Amino acid sequence: MQLATLLQDVEYTLRQGSAETDVCDIVYDTRKIRPGCVFVCIVGTQRDSHDLAGEAAAAGAAALVIDHDIPMPAGVTVVQVPFTRLAMAQMSAAYFGYPARKMTLVGVTGTKGKTTTTHMIKTVLESAGHVVGLVGTNGITIRDTHMETANTTPESYELQKAFAQMVEAGCDTALMEVSSQGLKMERVGGIFFDVGVFTNISPDHIGPGEHADFEEYLHYKGLLFQRCRHGVVNADDEHLEGLLEGHTCDLVTFGFSPKADYRTDDYTLLRSRDFLGAAFHISGAEDLDVRVNMPGRFSVYNALCAVAVARVLGVPHAAIQGALERVNVKGRAEMVPISDDFTILIDYAHNELSMESLLHTLRDYKPKRLVCIFGCGGNRSKLRRYAMGECAARMADFTILTEDNNRFEKVEDIIADIKQGMAKGNPNAPYVEIHDRLDAIHYAIDHAQPGDLIALIGKGHESYRDRMGEKTPFLERELIEEYAREKGMIQ
């Protein structure tokens, strides 16, 4: 493929060589350079790969893409662009044959709820016969194939490659989480979404290497609504007006507001052996009764959003209702039904905000005891440990302190920090300390009382346990079910 073909959508200046240079691939990691590729120089948070341009040329790169001046290596084509990340996104789309244009594309952004909402939408669309590829925090899913990703929104080359694989696999819809970093770093550059979705926003990802302040965070989230045809947005969020500044899409709203297009004014909590969720009625643009198999008010919001997206895409009511009643999102308030006497669920909550939201939601179901099992990751901020310990002491009836991904710290040191927070939240809060997480799970099941609601939090969908840098298999749903079978609780 000629370099000029890859550059057809790119604003560029040819600094040396020829745009008719033949290239075999697009590379931005020097470890993946192969003869004949085009190497895109990117300014990262830790390193500027423009400094490696000479090394890339010596390794056989046929062309370089730069966005600021460098010493020009001999014998290689060099093009200069305003921003290499955007250029890479546009070039990658051309390289893979513009796969995003061959599917309906839905992008979901927000501080909380992206993963759950995308999975809800996926379940609903599939119930209507669509073949849906998914990109997000839990990785990339294409039919029965699952791949892990380093970022919620992958780098543009990997993203376009995934889209191409979706098209080849027969997907008619691509559904993805769009992070603020993904927008800022132009990982979705050159992509136009059929539907853009906004769940909510609160201060997050602010600091070195991320966003300078909340205003910048809000700005980049809002860019999605200048790159989509239809916007489905949370009418109740106090920052909605600022987020939508400059938007170019038509809007559909959801929420509890009487002005929302898809709205509800109340909901009923439902709990049984295999159902922990809510029932509610949607009015406004539709007249629809819904049961969603995920707990609490935040699940009602996510379901309202999923319904609005589905209706924008023409999904019939019956498919929506059936899908939401059976929806199950791995690691997000995910029930593991093993007993009629008590409920156990797993959740990815791994900071104070998400932990407090989850425990508050579960408290609404009026359990006999709200039991919380958690630890905190090693080689991470101690402030998170103090805050989560304080939250557990205030909100749980009983806490089981255990490991999370300890990495290179001792579990007893991490738990000691958590206990400092617990002493602040409630010095009399009952707890037990069990260092091995599997033993902690077994203890919770063995000591469960009728009416208990047990929340196993922190790891959620993760399939490993990290101890001293060694990752070993550890998928909590399977481990819970395995122990329940051993005890004769399930078949």
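Residues take their numbers from the sequence shown, with the count starting at 1. Computed from a prediction, not measured in an experiment: that's the story for all the values here.
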Please report the shortest heavy-atom distance between [X] and [Y], naming the atom on each side.
X	Y	answer
R143	A169	NE-O, 2.6 Å
I457	C372	CD1-SG, 4.1 Å
T399	A396	OG1-CB, 3.8 Å
R407	G377	NH1-CA, 3.6 Å
A303	F280	CB-CZ, 3.8 Å
I454	A444	CD1-O, 3.8 Å

Candidate pair E177 and T137, rule side chain to side chain donor-acceptor pair (under 3.5 Å), full reasoning: CA-CA 7 Å; E177 298 178 47; T137 304; 2.9 Å; yes
Candidate list L134, L175, V312, test side chain to side chain contact (heavy atoms under 4.5 Å, CB included), partner V106, passing option: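 Going through L134, L175, V312 one by one, the side chain to side chain contact (heavy atoms under 4.5 Å, CB included) with V106 is satisfied by L175 alone.
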Check: H219 ring centre within less than 6.0 Å of Y217 ring centre: no
Centroid-centroid distance, H447 to F398, less than 6.0 Å: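 When the ring centroids of H447 and F398 are compared, they turn out to be at least 6.0 Å apart.
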Heavy atoms of other groups near [X] [atom1], more than 12 under 6.0 Å:
X	atom1	result
E241	CD	no
K424	NZ	no
Y365	OH	yes
E215	CD	yes

Within a strict 4.5 Å, meaning less than it, do heavy atoms of the [X] and [Y] side chains meet?
X	Y	result
V167	M103	yes
V108	V178	no
V195	T104	no
V432	L401	no
R363	M395	no
S339	M489	yes

Rounded to the nearest 0.5 Å, how far does [atom2] of [Y] lie from [atom1] of [X]?
X	Y	atom1	atom2	value
H461	N138	NE2	CG	4.0 Å
K459	I346	NZ	CD1	10.5 Å
N328	E334	CG	CD	4.5 Å
E409	N379	CD	CG	5.0 Å
H350	R380	NE2	CZ	9.5 Å
T199	L304	OG1	CG	13.0 Å

Residues H239, F214; criterion ring-ring contact (aromatic ring centres under 6.0 Å, His included); working and verdict: CA-CA 11 Å; H239 300 290; F214 180 72; 4.7 Å; yes
Side chain to side chain donor-acceptor pair (under 3.5 Å) evaluation trace for E245 with H247: CA-CA 6 Å; E245 185 176 347; H247 78 276; over 6 Å; no
Check against salt bridge (Lys or Arg N to Asp or Glu O under 4.0 Å), E155 and K32: CA-CA 15 Å; E155 289 292 351; K32 297 180 180 179; over 6 Å; no
Please check if any side-chain donor atom of [X] sits under 3.5 Å from a side-chain acceptor atom of [Y], or the reverse.
X	Y	answer
S299	N302	no
E433	H435	yes
E390	N426	no
S180	K221	no
Q181	T153	no

Among K410, R437, R465, the one residue meeting side chain to side chain donor-acceptor pair (under 3.5 Å) with E403: R465
Sole residue of H146, K122, H119 in side chain to side chain donor-acceptor pair (under 3.5 Å) with T141: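 Going through H146, K122, H119 one by one, the side chain to side chain donor-acceptor pair (under 3.5 Å) with T141 is satisfied by H146 alone.
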Chi angles and distances behind the side-chain contact (heavy atoms from CB on, under 4.5 Å) call for V131, C171: CA-CA 5 Å; V131 183; C171 294; 4.0 Å; yes
Ring-face cation of R291 near F275 (centre distance under 6.0 Å, axis angle within 45°): yes
Aromatic F256 / basic R297 pairing, under 6.0 angstrom, 45° off normal: yes
N351 and S354: CA distance, side-chain angles, deciding distance, side chain to side chain donor-acceptor pair (under 3.5 Å) verdict: CA-CA 6 Å; N351 58 41; S354 50; 2.7 Å; yes
Those residues that, when tested against K471, pass side chain to side chain contact (heavy atoms under 4.5 Å, CB included) (two or more places apart):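 K471: side chain to side chain contact (heavy atoms under 4.5 Å, CB included) contacts with Y464, D466.
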Aromatic ring pairing F198/F225, orientation class (parallel under 30°, perpendicular over 60°, tilted between):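 Plane angle over 60°, so perpendicular.
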Chi angles and distances behind the salt bridge (Lys or Arg N to Asp or Glu O under 4.0 Å) call for R384, E352: CA-CA 7 Å; R384 176 175 294 181; E352 179 194 15; over 6 Å; no
Intermediate values then yes/no, salt bridge (Lys or Arg N to Asp or Glu O under 4.0 Å), D341 and K368: CA-CA 11 Å; D341 294 331; K368 176 177 180 179; over 6 Å; no
Flag, side chain of R187 to backbone of L183, donor-acceptor distance under 3.5 Å: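 Flag not set: sc R187 to bb L183 has no pair under 3.5 Å.
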Donor-acceptor contact present, side-chain S357 to main-chain L353, <3.5 Å: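 No; judged by distance alone, with no hydrogens or angles, the pair does not exist.
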Any pair counted as salt bridge (Lys or Arg N to Asp or Glu O under 4.0 Å), so long as it reaches residues 144-154, sequence neighbours left out: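 For residues 144-154, and leaving out neighbouring residues, there are no salt bridge (Lys or Arg N to Asp or Glu O under 4.0 Å) pairs at all.
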Pair listing, salt bridge (Lys or Arg N to Asp or Glu O under 4.0 Å) test, anchored in residues 254-276, at least two apart: R273-D340
Derivation of the side chain to side chain donor-acceptor pair (under 3.5 Å) call for N200 and Y301: CA-CA 10 Å; N200 54 68; Y301 267 113; over 6 Å; no
Full working for salt bridge (Lys or Arg N to Asp or Glu O under 4.0 Å) between D417 and R385: CA-CA 6 Å; D417 290 334; R385 302 172 191 176; 2.9 Å; yes
Step-by-step side-chain contact (heavy atoms from CB on, under 4.5 Å) determination, L269 to Y267: CA-CA 7 Å; L269 299 177; Y267 56 92; 3.7 Å; yes
